[in-house]
Trainee: 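Sharing a structure with you now.
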2 protein chains.
Amino acid sequence: MAKSIKHILKKELEIKVGGKLWLESEGERFFGPGPLELLEKIEETGSISNAAKAMNMSYKKAWELMNHLNSQTSSPVVVPQAGGEKGGGSTLTPDGLELIKYYKALRKRFKTFLENESDRLKI
Amino acid sequence: MAKSIKHILKKELEIKVGGKLWLESEGERFFGPGPLELLEKIEETGSISNAAKAMNMSYKKAWELMNHLNSQTSSPVVVPQAGGEKGGGSTLTPDGLELIKYYKALRKRFKTFLENESDRLKI
DNA sequence: TATCGTTATATATTTGAAAATATAACGAAT
DNA sequence: ATTCGTTATATTTTCAAATATATAACGATA
């Protein structure tokens, strides 16, 4: 077991190991907490523009996230429709839903990792 | 074992799980890759100002990182001296060296986690 | 006491990312 | 054909973070 550093840190502070996780290709991130929330909000609201509003993100950024994400998958995870009933909208494909599930499971494993490491700081 | 998402991602791309790790207190980060490199460079060069130059960081930011870091530990990890021989300089305390060791070990465990998760993407 | 390069600190400037704004294209429904 | 709210795209504006710049204090040594 690795040595503790408890004695180094101020004992009155709650110190934790934090982190961030994403999927990347060619060193470029294309899926993380932001895109996850975006997909969830698109699923909820039926459009990119409403999703963006719901999460206080500019439409442009939301569109770019979505577009970049679609470029990394063998078939689109978000299908946008410009025009049509109610002006259009965007829907998630089954792959999109599966990606959400995968990332949430990954995030859970990461959470466990972080909690273990944070606990270790207290020893 | 969790389900794979291999079929979702473009097969011609090298997709990996990436991440970032840090120490935080009260939700505020105070130690990560940046401060690690800073401590190492201070140890190498003997001063904050030289360390900052070596890693292409402004002196101000380097000083702030160092100062914030020192505020989270029971005793300083960097001891700065203004004035004196050669104008002064900064040295790491044993605690500072230990913090480096700890973070590198933590980073190694994280690397393993990321590699496992990345491998899982290929299955 | 004069010198040195550093720490310490405040202020000004830059710059890069994000949001804000504007506009055209879209297409089902009426 | 008109309407609707959306997608798609370009341009402008904003803002925060970082750098750049300037200056005083520091303290061992000579």
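Just so we're clear, the structure is a prediction, and the values are computed from it rather than from any experiment. Protein chains get the first letters and strands the later ones, always in sequence-line order, with residue 1 at the start of each.
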Trainee: In B/S/- notation, 5' to 3', how is nucleotides 10-20 of chain C contacted by protein heavy atoms closer than 4.0 Å?
Mentor: -B-------SB

Trainee: Does A:S49 make a side-chain N or O approach to OP1 or OP2 of D:dG5 shorter than 4.0 Å?
Mentor: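 For A:S49, the contact criterion (side-chain N or O under 4.0 Å from OP1 or OP2 of D:dG5) is not met.
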
Trainee: When rounded to the nearest 0.5 angstrom, what is the spacing between CE in B:M66 and CD1 in B:I42?
Mentor: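 Rounded to the nearest 0.5 Å, the CE-CD1 separation comes out at 7.0 Å.
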
Trainee: Rounded to whole angstroms, how far apart are CD1 on B:I48 and P on C:dT9?
Mentor: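 Whole-Å distance recorded here is 11 Å.
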
Trainee: Name the nucleic acid region contacted by A:N50, choosing base, sugar-phosphate or nothing; use a 4.0 angstrom heavy-atom cut-off, strictly under.
Mentor: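 A:N50: backbone/sugar contact only, no base atoms under 4.0 Å.
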
Trainee: Bend angle of the helix from C:dT1-D:dA30 to C:dT30-D:dA1 from five-pair axes at both ends, rounded to 10°?
Mentor: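 Roughly 0°, once rounded to the nearest ten degrees.
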
Trainee: Please round to the nearest 0.5 Å and tell me the distance separating atom CG of A:L99 and atom CG of A:D95.
Mentor: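 Between atom CG of A:L99 and atom CG of A:D95 there are 8.5 Å.
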
Trainee: Going by salt bridge (charged side-chain N to carboxylate O under 4.0 Å, His left out), name the residues that satisfy it together with B:K104, two or more places apart in sequence or in a different chain.
Mentor: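 Salt bridge (charged side-chain N to carboxylate O under 4.0 Å, His left out) check on B:K104 returns B:E40.
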
Trainee: Are side-chain heavy atoms of B:K53 and B:T45 found at a separation under 4.5 Å?
Mentor: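 Of all side-chain heavy-atom pairs linking B:T45 with B:K53, none is under 4.5 Å.
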
Trainee: Taking only residues two or more places apart in sequence or in another chain, which ones pass salt bridge (charged side-chain N to carboxylate O under 4.0 Å, His left out) with B:E115?
Mentor: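 Partners of B:E115 by the salt bridge (charged side-chain N to carboxylate O under 4.0 Å, His left out) criterion, ordered by chain and then number, come out as B:K111.
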
Trainee: What string of B, S and - do you get for nucleotides 23-30 of chain C, 5' to 3', if B is base contact, S is sugar-phosphate-only contact and - is no contact with any protein heavy atom under 4.0 Å?
Mentor: ---BBB--

Trainee: Grouping I, L, V, M, F, W and Y whenever their side-chain heavy atoms are under 4.5 Å apart, do A:V79 and A:L39 come out in a common cluster?
Mentor: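 Result: no, two separate clusters.
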
Trainee: A:L65 CG to D:dA8 P: how many Å, rounded?
Mentor: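 My rounded result for the distance is 14 Å.
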
Trainee: Pair up each side-chain donor or acceptor in residues 11-23 of chain B with any protein partner under 3.5 Å, not counting sequence neighbours, and list the distances.
Mentor:
| from | atom 1 | to | atom 2 | distance (Å) |
| --- | --- | --- | --- | --- |
| B:W22 | NE1 | B:E24 | OE1 | 2.8 |

Trainee: Any donor-acceptor pair under 3.5 Å linking the side chain of A:N70 with the backbone of A:V77?
Mentor: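 Looks like yes, one N/O pair under 3.5 Å.
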
Trainee: Side-chain N or O of B:S90 less than 4.0 angstrom from OP1 or OP2 on C:dT7?
Mentor: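 For C:dT7, OP1 or OP2 has a side-chain N or O of B:S90 closer than 4.0 Å.
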
Trainee: Would you give the length of the straight line joining atom CG of B:L9 to atom CZ of A:F30, rounded to the nearest 0.5 angstrom?
Mentor: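 Answer rounded to 0.5 Å: 5.5 Å.
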
Trainee: With respect to the phosphate group of C:dA8, does any side-chain polar atom (N or O) of B:W63 fall under 4.0 Å of OP1 or OP2?
Mentor: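 Yes, within the criterion.
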
Trainee: Using the ring centroid of each side chain, check whether A:F110 and B:F110 are separated by less than 6.0 Å.
Mentor: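 Ring centroids of A:F110 and B:F110 are less than 6.0 Å from each other.
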
Trainee: Quick one: B:Y59 OH to D:dA22 P, roughly how many Å, whole number?
Mentor: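 Rounded to the whole Å, the gap is 17 Å.
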
Trainee: A quick test of your reading: do over 12 heavy atoms of other residues, nucleotides or ligands sit less than 6.0 Å from NZ of B:K10?
Mentor: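 Count over threshold, so yes.
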
